[in-house]
Enquirer: 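Before I ask anything, here is the structure I am working with.
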Amino acid sequence: MASDALVPETSVLAVASHVVYGYVGNKIATIVMQSLGCDVAALNTVHFSNHTGYRQFKGTRATAQEISDLYQGLCQSNLTDFDVMLSGYAPSAAAVEAVGAIGLDLQQKAQKAPGSFFWVLDPVMGDQGRLYVNDDVVPAYKNIIRYADLILPNQFEAEVLSGIKITSLKTLAEAITAIHKTYSIPHIIITSVQLSKFTSEISSSPNSLTVIGSTTRSDGSPRLFRIDVPALDCYFSGTGDMFAALTVARLREAVFATGPDLRNVKSWVSPDEVAPTDLPLARSTVKVLESMHSVLEKTLEARDAELYTTSSDSASVSEEEKRKQENLRQSKAAEVRLVRNARFLREPTASFQAQEWRKEDLPESLQ
């Protein structure tokens, strides 16, 4: 791999789930970040045989004490010189609190050098209008996200954190603004917003997904940008983890590319005069989505080929068993083909562009 294809040297503590088979959580995040030149220490919060989309799995969930013990083991040997922490799924409220304590400790260790540590937090709570964690996980996340530098909620999680139901362009802007203000978070990316539902307000293809990002100005107001990407007709597990991992590498790369000053600023917040589309967050997100689209296109091709050549063994079984076997077949075929397509992490074939969320697009209360 050519050295100019690598991002700046980056040491990452990745705290997330792990599966034996397939690509979600740390299983996908580690490969992604290592492929771009990051040194990754993986602290796994669960150990499952496979992801839960198969609707059956074996394994164990780490307790809060086990998570803390692993981190303390790193501390006692002085192995905590991390540039970035990426935190994802935690299996309980106590585990979320334990992860938060790790993030806070790493921040305190880096206090003498602003910008030397950056925390990317994916508040994994649910999707498609429902929680898939216990109710007490929500307040646990609300307590710790205020210490993160960048959070990556999906649309449903943004609603949970802001307390605002996103049903329009206006409520989307209000939700982002509320999260910035309530939790003092410098950077937000809301993944997979379906702006086509807001067609009366904004032009967007019904076959596209939109990622909305924002970095605050010094007065706390948002600098909003959007990136539209074609939607692929398949549900892939692990895409949120892939997005987060690519963001770690590409954001650090974009910050370093601005020159020596920004990397020494707390939370890497650009000066107010930097336009939304020129923000490191916007530039990096474009590259993230280009890589993801290229990898997932290849995955979709491989999935279709596998489904074409295989079939469920449904002879003499009940309808319930037929449905189960078909789900297993579909889930296996849709596993992200990451390793065979790792070249697209460095050199994607897709091409996207960030757009500024212009003042006239915002509701009057936010102009």
Side-chain angles (χ1 to χ4, degrees), residues 12-16 43 45 64 67-68 71 80 82-126 131 133-164 166 172-191 212-224 240 244 247-248 251 255 265-270 279-281 366:
V12 184
L13 175 63
V15 186
L43 197 167
T45 57
I67 292 170
S68 299
Y71 178 69
T80 58
F82 299 110
D83 303 302
V84 179
M85 174 171 157
L86 171 60
S87 60
Y89 177 74
S92 66
V96 170
E97 292 167 356
V99 173
I102 293 171
L104 282 171
D105 189 63
L106 290 172
Q107 283 182 336
Q108 291 170 359
K109 293 179 188 298
Q111 275 185 345
K112 294 181 181 179
S116 63
F117 176 74
F118 194 92
W119 182 2
V120 179
L121 188 155
D122 185 359
V124 182
M125 295 182 287
L131 290 173
V133 294
N134 291 334
D135 290 344
D136 59 353
V137 170
V138 174
Y141 267 119
K142 288 182 176 181
N143 286 336
I144 72 166
I145 63 171
R146 64 186 70 251
Y147 302 108
D149 298 291
L150 164 64
I151 64 167
L152 306 172
N154 58 35
Q155 182 174 334
F156 172 69
E157 290 160 347
E159 292 174 340
V160 171
L161 293 174
S162 66
I164 296 171
I166 298 173
L172 177 57
E174 288 173 345
I176 294 169
T177 303
I179 293 172
H180 274 313
K181 181 177 180 181
T182 303
Y183 306 100
S184 300
I185 295 170
H187 309 277
I188 301 168
I189 299 175
I190 299 182
T191 57
I212 304 291
S214 174
T215 295
T216 53
R217 298 182 181 87
S218 57
D219 63 359
S221 62
R223 277 177 283 189
L224 294 156
T247 297
V248 166
L251 179 56
V255 168
V265 173
K266 185 180 184 299
S267 298
W268 303 340
V269 176
S270 301
L279 292 166
L281 190 66
L366 300 174

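For this chain, numbers begin at 1 and follow the sequence in order. What you see is a predicted model, and the numbers here were worked out from it, not measured in a lab.
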Enquirer: For Ile190, is there any backbone N or O sitting under 3.5 Å from a side-chain donor or acceptor partner on Gln155?
Expert: no
Enquirer: Checking side-chain contact (heavy atoms from CB on, under 4.5 Å) for the pair Asp149/Trp268: CA distance, chi angles, key distance, verdict?
Expert: CA-CA 8 Å; Asp149 298 291; Trp268 303 340; over 6 Å; no
Enquirer: Just by modelled atom types, is the Val137 backbone N or O under 3.5 Å from a matching donor or acceptor in the Asn134 side chain?
Expert: no
Enquirer: Please list, one pair per line, the donor and acceptor atoms closer than 3.5 Å that link side chains of residues 95-105 to other protein atoms, with sequence neighbours excluded.
Expert:
{"residue": "Asp105", "atom": "OD2", "partner": "Tyr71", "partner atom": "OH", "Å": "2.6"}
{"residue": "Asp105", "atom": "OD2", "partner": "Lys109", "partner atom": "NZ", "Å": "3.4"}

Enquirer: Begin from the C-alpha positions of Thr182 and Lys142 and carry the test side-chain contact (heavy atoms from CB on, under 4.5 Å) through to its verdict.
Expert: CA-CA 10 Å; Thr182 303; Lys142 288 182 176 181; over 6 Å; no
Enquirer: Hey, does the side chain of Arg223 reach the backbone of Thr216 with a donor-acceptor pair shorter than 3.5 angstrom?
Expert: yes
Enquirer: Is Arg217 reaching over with its side chain to a backbone N or O of Pro222, donor-acceptor style, under 3.5 angstrom?
Expert: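 Such a contact is found between Arg217 side chain and Pro222 backbone.
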Enquirer: Scan Val15, Ile185, Leu86, Ile144 and name whichever one has a side chain to side chain contact (heavy atoms under 4.5 Å, CB included) with Leu121.
Expert: Ile144
Enquirer: Donor-acceptor pair, Asp122 side chain versus Tyr89 backbone, under 3.5 Å?
Expert: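 Looks like no, no N/O pair under 3.5 Å.
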Enquirer: For Ala173, is there any backbone N or O sitting under 3.5 Å from a side-chain donor or acceptor partner on Thr177?
Expert: yes
Enquirer: Could I get the full list of ring-ring contact (aromatic ring centres under 6.0 Å, His included) partners for Trp119, not counting sequence neighbours?
Expert: none
Enquirer: In this structure, are over 12 heavy atoms from other groups packed under 6.0 Å from Tyr147 atom OH?
Expert: no
Enquirer: Would you say that Met85 contacts Leu43 through its side chain, given a criterion of any heavy-atom pair below 4.5 Å between the two side chains?
Expert: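 No. Closest side-chain heavy atoms not under 4.5 Å.
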Enquirer: Pair Phe118, Leu251 - check side-chain contact (heavy atoms from CB on, under 4.5 Å), show working.
Expert: CA-CA 10 Å; Phe118 194 92; Leu251 179 56; 3.8 Å; yes
Enquirer: Looking only at heavy atoms, which two atoms of Ser162 and Ala178 are closest? And how far apart?
Expert: CB-CB, 4.3 Å
Enquirer: I want to check something: taking the side chain as every heavy atom from C-beta on, are Leu161 and Pro123 in contact at a cut-off of under 4.5 Å?
Expert: yes
Enquirer: If only atom types and distance count, is the side chain of His187 paired as donor or acceptor with the main-chain N or O of Ser267 below 3.5 Å?
Expert: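 Such a contact is found between His187 side chain and Ser267 backbone.
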